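So that the names make sense, note that chain A is the first sequence line, chain B the second, and so on, each numbered from 1. This structure is a prediction, so every number in the text was calculated from the model and none was measured.
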Amino acid sequence: MAANNIIYGINGPVVTVKGATTLSMMEMVYVGEQKLAGEVIKLDNGFTTIQVYEETTGLKPGDPIYSTGARLAATLGPGILDNIFDGIERPLRDIESESGAFIARGAAMNALDTERLWDVTVDVKAGDTLNAGQIYARCPETSVIEHRCMVPPTVCGKVEWAASNGKYKVGDVIVKLRSDDGKLCELTLCQKWPIRSPRPVSERLYANVPLVTGQRVIDTLFPIAKGGTAAVPGGFGTGKTMTQHQLAKWCDADIIVYVGCGERGNEMSQVLNEFASLVDPKSGRPMTDRTVLIANTSNMPVAAREASIYTGITLAEYYRDMGYHVAIMADSTSRWAEALREISGRLEEMPAEEGFPAYLPSRLSEFYERAGLIRTLGGKEGSVTIIGAVSPQGSDFSEPVTQNTKRFTRCFWALDKSLAYARHYPAINWLNSYSEYGGDLERWYDDNVGSDFMRCRTQMSFLLQEEARLMEIVKLIGSDVLPDDQKLIIETAKVIRVGFLQQNAFHKDDTFVPLKKQLLMMRAILYLHKRSETAVSVGVPLSMIMETGLFDRLTRIKYDVPNDKLSMLEDYPKQIDEAISALSNR
Amino acid sequence: MILEYIGVKEINGSLIVLEGVQNPSYEEVVRIRLDDGSVRNGRIVACEGDKAVIQVFEGTSGISLGNTRTRMTGRPMELALSEELLGRVFNGVGKAIDGLGDIYPTCRRNINGTPINPVSRIYPRNYISTGISSIDTLITLIRGQKLPIFSGSGMKHNELAVQIVRQAKITGDENAKFGIVFAAMGVKQDVADYFRRSFEESGVLGRVAMFLNLANDPIIERILTPRCALTAAEYLAFELNMHILVIMTDMTSYAEACREFSSSKGEIPGRKGFPGYLYSDLASLYERAGMIKGSTGSVTQIPILTMPNDDITHPVPDLTGYITEGQIVLDRALDGSGIYPPVSVLPSLSRLMKDGIGEGFTREDHSALSNQLFACYAKVQDARSLASVIGEDELSASDKRLLEFGRQFEKQFINQGVNENRSMEQSLALGWKLLSALPAEELDRVDNEMLAKYYHGKKETE
């Protein structure tokens, strides 16, 4: 670590070095006597510009800058899961035991616990040929996830020596590899990867399997594929974070990477508490066993906030390469974009829209393009699904971050203020939201849930659209003047809205709903609509149908029918038949 | 060896530029002595080589290129701290102005603070009873929360803040010590006096530390005022284990001071001319609320901000709402119709209430009741807009019922006396009483058990 550069100027998190340096672009450096972490972001003839990931108070011109010769990289190995990191992968629990409740500066930390022993099974022996991405050792990282150590993407060769099965630390050499050009590589349990470069894959696959979330409005109306991208925009108080939490808790990904990027500290402590106490329904183990948290709260240094998104996605890609399905929740990408703007402002770059730098769209697209269902270098199938929250300024969806995100994501779950005010959660507006995956996933729903799933879905969104149109009229002249068949649409849509789309995250049966129940609920609602429609057309007044209480009963299905007693739903059509035939015969 | 630098190179607004400085450090405090003997303070806000840009707290009027002697102190801005802070009045940079002399410090702290490690936070769960129905039932305040009041000029936000201070009771911990830290930024003399008087009348003045930067005080000090106040609050809460309520008013003036400072530094402006880092800057204040492991104290923040032109999408309320854990929004129409406190229920929110209410905290029906009140009141708005088009007489019976519910809700539930202290039980009972005017079938957020227990209205099935 050489210190042949000195600070010339300081302005907020940006530090400059005068004159020519040996530093390279995106190189990681340590700044000042306290060794604050930083990264080179601009080089020109006169000056080298460095962004510092910590508070720069007290730095002086003339303080040394230590170069590391390497790009900002994440350490990848066992011990990532069930851990919480800051934006540049420093473990916050270790920082706490070192410096107490407040984060001290210049805390140099190993990302992974170097003392912990792992129960390693070595899969190769001397003489084997290993290619990039091939798995050479495995160890149980948590009770549910097996960690698979892979040959780094840039290395291949013949195994010269391999350790026997046993207990090893992260830094212990497991395999010695002689590459074709004669170089000897020592592989340990961990590897490093620069966070700003995507990890290579062998090929991208067609994403046609849904990420099942158990949230009705998402699974049914706006589904997302494994390996897909979704944006969740919403003003403050519309429940972005709640939606993200629900998805993190219930979606059927193997691993969750939760990035709290410039958000509230109390929210992160809530995630920590909640995930630790929440039992994963599939494995019966705490959620934290398959979760990694990256917390760079809004008051932590802004440059590290910018890096946190990349750290998160790199960890996600690493587990994807092991053959897992990973979902990454980024809350919120707007804070990340603001971090870009803030640093760009300090660099005195020419601003584009609303002060955001002109490269905002390209950075956003680079990030979202790292999602996908892929075949790994080792030949396994894995995926990274990105769900990014967007916090539009002034709740205005026409601002640059929302607009650009919309271009690069294929699901758009627009959260709506008026729904949130009425405490209709999840407040996903069914009129502005969309999913481009509907067509891709149709086959899967047909084969695995029911052949009428997509038909029901179309019919339901049709009713909702109709309702929106009718409500325009109702707003002007009241609902009394509408004919009964139109009133029926409004009543059915109300059942759909309250009984189906609205979901109670705090109710034990309603917080997660299996696809089968979603389908049966849809069938029941649409059946009632069909029967009532016929009844109305032969002259039965709608008010009489309403008096049967059928509509209210269907609204309460979500609470009345437990998830493990779906057979109860088979009674509903019979009851509907009986009640409505009784009316028609009268 | 202490060096003094004579003269300055450049003066621009509140900034001066010094050249040939040896070893300036970023954010270091400097002392500037003018030829007439007066002393001003400043802070280094940028350095480049031997050039230092200094922000002068008291302003630059009277400074010429030659009449100053500047001395570096070698330290960042620090605040002297001790238990004696309570009961005292300070100016915006933490200097005592009540004529009782400086406090005898037990320690000094950098006013910028350091971020709390998310791992060390305790998730806030205990509610603070404010005795105000609308807040306790619908927007419950939790110990360690930051819950701003979004108001507009001329509305009764100050009265509301004072009432909260007077009536606030922390449940579950009867021996806890309380304290209040009050930070005034750019408020009128009258307002500061009003708070002082109210604290005195309710007998809490001995437990209040006041940091005052009034409307005619230097702008630059305004940027430091909340930081001083929060440093004091953190010290009292986390080291002396007290429960501290911080009232900061008016955050809009603070943000405008930031804007003024930023533009004089020649930075690239973001929305409405506010600096691009306003979000991070506000966050560095608001995030200093909370509770941490290893201490029994807490910092609860109630920032007050006036929305220019009552516009909630203005950058200051907008960014604040994204950082704080909810908001209490005041409404001018309610205020105009004589309802106090004029809390606009629908856009108001407390993010932490969901885990701090219900069985074991308040009552098992609290969450359902508040959801139901929100939902019904949202429907009232629809009925009202319909009534404004077709007239109230033409409405359906259920819409008419809703309108009546809306009126009673505002008159009985939201409206209450400035000195009226309603217990949680009273507020919840009042909520059920109002809901009982609606038929049970329309209450879709409460389950049958709760209806049976608390609902007194008629059921159509009976």
Side-chain angles (χ1 to χ4, degrees), chain A residues 8-12 16 18 55-62 84 92-93 95-96 100-104 236-237 262 264-266 268-270 272-273 295 297-300 302 335 338 341-342 345 348 351 354-355 391 393-396 421-423 475-480 498 506 552 555 559, chain B residues 23-27 46-50 76 110 112 114-124 144 267-271 276-277 279-280 283-284 287 290 292-294 313 315 318 321-323 325-326 346-347 349 352 354 367 371 374-375 378 385-386 389-390 394-396 441 444-445 447:
Chain A
Y8 177 72
I10 304 146
N11 183 5
T16 50
K18 198 178 181 182
E55 274 295 319
T56 48
T57 303
L59 283 182
K60 294 185 171 95
I84 172 167
L92 286 169
R93 289 200 188 100
I95 293 184
E96 183 190 34
F102 294 89
I103 298 176
F236 59 81
R264 304 173 182 87
N266 281 335
M268 289 321 292
S269 89
Q270 182 199 355
L272 273 176
N273 282 343
T297 55
S298 53
N299 56 339
M300 284 157 78
V302 65
R335 305 293 159 239
E338 273 161 22
R341 170 167 75 182
E342 197 170 325
E348 298 177 356
E354 303 220 17
S391 323
Q393 305 166 359
S395 309
D396 171 15
Y421 285 178
R423 300 304 186 261
K475 262 186 210 143
L476 288 177
I477 52 172
S479 62
D480 284 352
V498 182
F506 303 105
D552 291 323
T555 309
Y559 301 135
Chain B
N23 270 337
S25 71
Y26 186 64
E27 301 242 307
C47 29
E48 221 180 279
D50 63 355
N110 182 340
N112 287 324
T114 36
I116 299 177
N117 190 328
V119 175
S120 313
R121 280 184 187 267
I122 300 175
Y123 185 60
E267 290 170 339
I268 292 169
R271 205 153 49 113
Y277 51 79
Y279 177 82
S280 307
S284 72
E287 277 293 325
I292 60 170
K293 290 176 190 157
T313 66
D318 191 42
Y322 278 123
I323 305 164
E325 284 131 359
L346 295 180
L349 169 77
L352 297 183
K354 61 181 187 295
S367 157
N371 275 334
F374 271 117
S385 60
L386 185 57
V389 180
I390 60 172
E394 301 293 317
L395 290 181
S396 64
E441 287 69 29
D444 48 14
R445 308 295 164 96
D447 61 32

Hey, which of B/Pro347, B/Ser385, B/Ser367 has the most heavy atom pairs under 4.5 Å with chain A?
B/Pro347
Check A/Val302 against B/Ser280 and note the closest heavy-atom contact, atom names and distance.
CG2-OG, 4.0 Å
Most chain A-contacting option - heavy-atom pairs closer than 4.5 Å, from B/Gly321, B/Gly326, B/Ala375, B/Pro269:
B/Gly321
Bottom line for A/Thr297: the part with an atom under 4.5 Å from chain B's heavy atoms is side chain
A/Glu348 CD: over 12 foreign heavy atoms closer than 6.0 Å
no
Can you say whether A/Ile10 sits under 4.5 Å from chain B via the side chain, the backbone, both, or neither, judging by heavy atoms?
both
For chain A, which candidate among B/Ile122, B/Asn23, B/Asn371 shows the most heavy-atom pairs at distances under 4.5 Å?
B/Asn23
Among the options B/Pro315, B/Gly270, B/Ser284, B/Pro118, pick out the one with the most heavy-atom pairs lying under 4.5 Å from chain A.
B/Pro118
Chain A contact via B/Pro76 - side chain, backbone, both or neither, heavy atoms under 4.5 Å
side chain
Where on B/Ile323 is there a heavy atom nearer than 4.5 Å to chain A: the side chain, the backbone, both, or neither?
both
Do B/Glu267 and B/Tyr277 make a side-chain contact, defined as non-hydrogen atoms from C-beta onward lying under 4.5 Å apart?
yes
Interface check, chain B: of A/Ala101, A/Gly9, A/Gly345, most non-hydrogen pairs under 4.5 Å belong to A/Ala101
Testing the basics here: between A/Pro61 and A/Tyr8, what is the closest heavy-atom pair and its distance to 0.1 Å?
CB-O, 3.5 Å
Checking heavy atoms, do the side chain of A/Ile84, its backbone, both or neither come under 4.5 Å from chain B?
side chain
With heavy-atom distances below 4.5 Å as the criterion, would you say the side chains of B/Thr313 and B/Asp318 are in contact?
no
Hey, is the main chain of A/Gly262 close enough, under 3.5 Å, to the side chain of B/Tyr279 for a donor-acceptor pair?
yes
I need the residue from B/Ala283, B/Cys47, B/Gly294, B/Gly290 with the largest number of non-hydrogen atom pairs under 4.5 Å to chain A.
B/Cys47
Look at A/Leu476, A/Asp396, A/Asp552 and state which one has the largest set of heavy-atom pairs under 4.5 Å with chain B.
A/Leu476
Does any part of the side chain of A/Leu272, heavy atoms only, come nearer than 4.5 Å to the side chain of B/Tyr123, both counted from C-beta?
no
Heavy-atom closest contact (B/Arg121 atom, A/Ser269 atom, distance):
CB-CB, 3.8 Å
When A/Gly12, A/Ala295, A/Gly100 are compared by non-hydrogen pairs under 4.5 Å with chain B, the top option
A/Gly12
Report which part of B/Ala378 has an atom under 4.5 Å of a heavy atom belonging to chain A: side chain, backbone, both, or neither.
side chain
Any donor-acceptor N or O pair under 3.5 Å, side chains B/Glu27, B/Asn112
yes
Taking side chain as everything from C-beta outward and backbone as N, CA, C, O, which of these in B/Asp50 sits under 4.5 Å from a heavy atom of chain A? Side chain, backbone, both or neither.
neither
What I'd like to find out is whether the side chain of B/Ile116 reaches to under 4.5 Å of the side chain of B/Glu287, using heavy atoms alone.
no
Interface residue of largest heavy-atom contact number with chain B, from A/Gly62, A/Gly355, A/Gly265, under 4.5 Å:
A/Gly265
Measure distances from B/Ile268 to the heavy atoms of chain A and classify the residue's part below 4.5 Å as side chain, backbone, both or neither.
side chain
Do you know which of A/Lys475, A/Met268, A/Lys18, A/Glu55 has the most heavy-atom pairs under 4.5 Å to chain B?
A/Lys475
Structural part of A/Arg341 lying under 4.5 Å from a heavy atom of chain B
side chain
Segment of A/Asn11 engaging chain B (4.5 angstrom heavy-atom cut-off)
both
What's the shortest heavy-atom distance between B/Leu395 and B/Ile390, and which atoms?
CD2-CD1, 4.0 Å
In plain terms, say whether A/Glu338 and A/Arg335 are close enough for a salt bridge, that is, a side-chain N and a carboxylate O under 4.0 Å apart.
yes
Quick check on B/Leu352 against chain A: is it the side chain, the backbone, both or neither that has a heavy atom closer than 4.5 Å?
side chain
Examine distances only and state if a side-chain atom of A/Asn266 and a backbone atom of B/Pro124 form a donor-acceptor pair shorter than 3.5 Å.
no
